[in-house]
Amino acid sequence: MEEKNIEELLNEEIAAQIEALSDLQSGTKEKSTAIDDLTKLYKLRIEENKSVWDADEKYHRRIMDGESVTKDGDFKERQIAEQVKDRYFRVGIAAAELLIPLMCYGIWMNKGFKFEETGTFTSSTFKGLINRFRPTKK
């Protein structure tokens, strides 16, 4: 024997009630009772459909919420990765801003001291450069 779900059973019962209704005489108590019963069955079917629709809607909403959380997580991971790259780039630029002038100053100071081996600063160029040898922003 094949099992039927509630919706199929309701549809069959409603169809049977409609057929039985046509056999009853108008204005009788039996027909009035049959109409009331049919109305109750229709209301029951409507409620059953509403519950199915609500369950489907909740299921699809959960799926969409899950996808949204996944997408938000992916976006945040990409954003964090970009922030890390940006931070390393800024640290590299800051290090270069400090090290390149220091290296240049070191090279020029070494050349200047080689030139001035006598121990006195006689070169006007080297005297002017010593005043500029400060690795700070002006």
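For clarity, every value in this text was computed on a predicted model and none was experimentally measured. Numbers for residues simply follow the sequence, beginning at 1. Side chains are part of it too, since the values below use all heavy atoms of this structure and drop only hydrogens, waters and symmetry mates.
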To the nearest 0.5 Å, how far apart are [atom1] in [X] and [atom2] in [Y]?
X: Asp37; Y: Glu30; atom1: CG; atom2: CD; value: 12.0 Å
X: Leu41; Y: Asn11; atom1: CG; atom2: CG; value: 10.5 Å
X: Glu48; Y: Trp53; atom1: CD; atom2: CH2; value: 11.0 Å
X: Phe75; Y: Ile80; atom1: CZ; atom2: CD1; value: 10.5 Å
X: Asp72; Y: Glu77; atom1: CG; atom2: CD; value: 11.5 Å
X: Tyr42; Y: Arg45; atom1: OH; atom2: CZ; value: 5.5 Å

Notebook entry, point to check: What pair of heavy atoms forms the shortest contact from Ala96 to Pro101, and how long is it?
Noted result: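 For Ala96 versus Pro101, the nearest heavy atoms are O-CD, 3.7 Å.
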
Next item on the list: State plainly whether the residues Arg61 and Glu57 are in salt-bridge range, i.e. N to O under 4.0 Å.
Entry: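 Salt bridge: yes.
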
Notebook entry, point to check: Do Lys40 and Asp36 sit within salt-bridge range, that is, some charged N less than 4.0 Å from a carboxylate O?
Noted result: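 The answer is no: the pair does not qualify as a salt bridge.
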
Margin query: Do Gln79 and Gln83 pair up side chain to side chain, a donor and an acceptor below 3.5 Å, judged on atom types alone?
Written below: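 No pair is found: no donor N or O on one side chain lies under 3.5 Å from an acceptor on the other.
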
Item checked: Single-linkage hydrophobic cluster, 4.5 Å side-chain cutoff, Leu44 and Val52 together ->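 They do not share one cluster, since no chain of ILVMFWY contacts under 4.5 Å joins Leu44 to Val52.
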
Notebook entry, point to check: Are Leu10 and Ile18 connected in the hydrophobic side-chain network, where two residues link if heavy atoms are under 4.5 Å apart?
Noted result: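 Both belong to a single hydrophobic cluster.
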
Item checked: Residues Asp86, Arg90; criterion salt bridge (charged side-chain N to carboxylate O under 4.0 Å, His left out); working and verdict -> CA-CA 6 Å; Asp86 186 54; Arg90 288 178 189 227; 3.0 Å; yes

Item checked: Donor-acceptor under 3.5 Å (Thr39 side chain, Ile35 main chain) ->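 Side chain of Thr39 to backbone of Ile35: a pair is present.
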
Margin query: Using side-chain contact (heavy atoms from CB on, under 4.5 Å), reason through Glu47 and Lys43 one step at a time and then give a plain yes or no.
Written below: CA-CA 6 Å; Glu47 290 300 318; Lys43 286 181 181 180; 5.5 Å; no

